[in-house]
*Asks:* 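Input: one structure, supplied below.
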Amino acid sequence: MELINFKTGKLDIKSLSLTELKAQMEQIGEKSFRAKQLYEWMHQKMARDYAEMTNIPKTLKEKLEEHYSYTSLKEVCVQTSKIDGTKKFLFALSDGNLVESVWMKYHHGNSVCISSQVGCRMGCRFCASTIDGLERGLLPSEMLDQIYAIARSTGERVSNVVVMGTGEPLDNYENLIRFIYLLNSEEGLHISQRNITVSTCGLVEEMKRLADEKLQITLALSLHGATQEKRCRLMPIANQYPLDSVMEACQYYFVQTGRRVTFEYSLVGGVNDTEEDARNLCRLISRYSTDYAQPFHVNLIPVNPIKERNFVESDKREILNFKNKLEKKHINVTIRREMGRDIDGACGQLRRHILYE
Ligand code: SAH
């Protein structure tokens, strides 16, 4: 098992399933009902440490300290948007690395956007998370901790989770899958798979592997360009995966799971927002749709300019034109509400702000 804490070299207790935890309790000579108690403390009551676990005897707590690592996050800073109440958190992991998470309030419930890696190695041109490359993947517990810390801090229920913060979730595949099962587990927060979204830049093999898991989560593909050439200009990773193979993987996901795939399309002024771009996107989507099934949904996102790159937003009229073009072809399309623009809302901005300024 690769669930070892980076700092302590010990097994990471919060990343274990209830069944695995039971086996561990047996191994250290404890009764198996302790596993259920511990699991609930970790994943329902979201305890920050063993000290909070009032019905666990002191001797067992000592044993746990000796054998396992217990991750928890330190809140480094929180910014609250004056516009929409969105909160952006910067957390320190136990090894001192920093990750960002965002809390958003919607009419249909509260959403948390989490990071899946420290940094990222995918290199997307407009994204601040990738500028310094990848440091490491997060443990399942460290993904959960972001949600637990935010739930505790806001005192509100989390109903949706999106893995759209820093990092490429499918580049941390095993830990991501384990995280989903833990988050979805009845003895934990029990967040429905349908309320979990995973966003990828398009790692084809892993997308297919994910489809074969037959989960009910939503897969979001960062498309950002409707031709191979356009996509390569914005996303270097596209060089490795021809657009057709990415589209086929999306179609496969839909066939295997019955879940409609979301295309994220960040509109960059003058780069991918022209009439021709809209036409190409319609064409691309229609090639993979039938009269009976619309396997995709397009989410247009006004690009969030980062100061390290000279990309600009499309103007409002351009964005509406783009949307209308798609609607005329009966494509499902929405414009993403911009949240937290005043608080370094885009991926990786806050971390860089704190690290380098
Ligand atoms: N690696 C994954 C998930 C993280 S990024 C992925 O690529 O999907 C989440 C989404 O935000 C992606 O669609 C990404 O392309 C987009 N994004 C990153 N920086 C952005 C910016 N400055 N403006 C608009 N969208 C951005």
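Order of listing sets the numbers, starting from 1, for every ligand and every atom in it. Since the model is a prediction, treat every value here as computed from it, not as a measurement. Counting begins at 1 with the first residue of the sequence. Any value given below was found using the heavy atoms of this structure, including those in side chains, with hydrogens, waters and symmetry copies removed.
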*Asks:* Within the side chain of Arg260, is there an N or O that forms a donor-acceptor pair under 3.5 Å with the backbone of Phe254?
*Replies:* no
*Asks:* Compute whether any side-chain donor of one residue and acceptor of the other, for Ser129 and Thr166, lie under 3.5 angstrom apart.
*Replies:*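 There is such a pair between these side chains.
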*Asks:* Does Met122 come within less than 4.0 angstrom of ligand 1, counting non-hydrogen atoms of the residue?
*Replies:*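 So Met122 does not count as touching ligand 1.
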*Asks:* Atom 18 (C) of ligand 1: which of Gly202, Cys124, Cys127 has the nearest heavy atom?
*Replies:* Cys127
*Asks:* Go through ligand 1 atom by atom and flag the ones less than 4.0 Å from a non-hydrogen atom of Cys201.
*Replies:*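 So the answer, numbered in order with elements, is 6 (C), 7 (O), 8 (O).
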*Asks:* If we only count N/O pairs under 3.5 Å, is Val163 in contact with ligand 1?
*Replies:* no
*Asks:* Compute the minimum heavy-atom distance from Met235 to ligand 1 and say whether it is under 4.0 Å.
*Replies:* no
*Asks:* Will you find, in the side chains of Glu206 and Thr200, an N or O donor that is under 3.5 Å from an N or O acceptor?
*Replies:*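 No donor-acceptor contact under 3.5 Å links the two side chains.
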*Asks:* Say whether Ala128 and ligand 1 are in contact under the criterion: heavy-atom distance to a ligand atom below 4.0 Å.
*Replies:* no
*Asks:* Who pairs with Lys7 by salt bridge (charged side-chain N to carboxylate O under 4.0 Å, His left out), at least two apart in sequence or on another chain?
*Replies:*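 Residues passing salt bridge (charged side-chain N to carboxylate O under 4.0 Å, His left out) with Lys7: none at all.
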*Asks:* Can you list the residues that meet the salt bridge (charged side-chain N to carboxylate O under 4.0 Å, His left out) rule with Arg233, with sequence neighbours excluded?
*Replies:*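 Salt bridge (charged side-chain N to carboxylate O under 4.0 Å, His left out) check on Arg233 returns Glu229.
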*Asks:* Can you sort out which atoms of ligand 1 are near Gly167, meaning under 4.0 Å from one of its heavy atoms?
*Replies:* 1 (N), 2 (C), 3 (C), 4 (C)
*Asks:* State whether the number of non-hydrogen atoms from other residues, nucleotides or ligands found under 6.0 Å of Lys329 atom NZ is greater than 12.
*Replies:*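 Incorrect, the count does not exceed 12.
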*Asks:* Between Thr166 and ligand 1, which part of the residue brings a heavy atom under 4.0 Å of the ligand: side chain, backbone, both or neither?
*Replies:*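 Looking at Thr166 and ligand 1, no heavy atom falls under 4.0 Å.
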*Asks:* Counting both backbone and side chain atoms, is some N or O of Pro302 under 3.5 Å from an N or O of ligand 1?
*Replies:* no
*Asks:* Run the numbers for me: atoms of ligand 1, each under 4.0 Å from some heavy atom of Asn304, listed by number.
*Replies:* 21 (C), 22 (N), 23 (N), 24 (C)
*Asks:* Measuring centre to centre across the rings, with the benzene-like ring taken for any Trp, is Phe89 within less than 6.0 Å of Phe91?
*Replies:* yes
*Asks:* Evaluate Leu281 against Leu223 for side-chain contact (heavy atoms from CB on, under 4.5 Å), listing each step before the verdict.
*Replies:* CA-CA 10 Å; Leu281 185 55; Leu223 187 63; 3.6 Å; yes
*Asks:* Just going by heavy-atom distances, which of Ser129, Ala220, Ser222 is nearest to atom 6 (C) of ligand 1?
*Replies:*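 It is Ser222 whose heavy atom sits nearest to atom 6 (C) of ligand 1.
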*Asks:* What atoms of ligand 1 come closer than 4.0 angstrom to any heavy atom of Glu264?
*Replies:* 10 (C), 12 (C), 13 (O)
*Asks:* State whether a side-chain donor-acceptor pair under 3.5 Å links Arg283 with Asn280.
*Replies:*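 Looking only at side-chain atoms, Asn280 and Arg283 do form a donor-acceptor pair, the distance falling under 3.5 Å.
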*Asks:* Counting heavy atoms only, which part of Glu168 comes closer than 4.0 Å to ligand 1: side chain, backbone, both or neither?
*Replies:* both
*Asks:* So is Gly165 in contact with ligand 1, going by heavy-atom distances below 4.0 Å?
*Replies:* yes
*Asks:* Walk me through it: do Glu276 and Lys230 pass the test salt bridge (charged side-chain N to carboxylate O under 4.0 Å, His left out)?
*Replies:* CA-CA 11 Å; Glu276 195 194 345; Lys230 269 275 152 80; 5.9 Å; no
*Asks:* I want to confirm something. Looking only at heavy atoms, which of Met164, His224, Gln117, Glu313 is nearest to atom 9 (C) of ligand 1?
*Replies:*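 It is Met164 that holds the nearest heavy atom.
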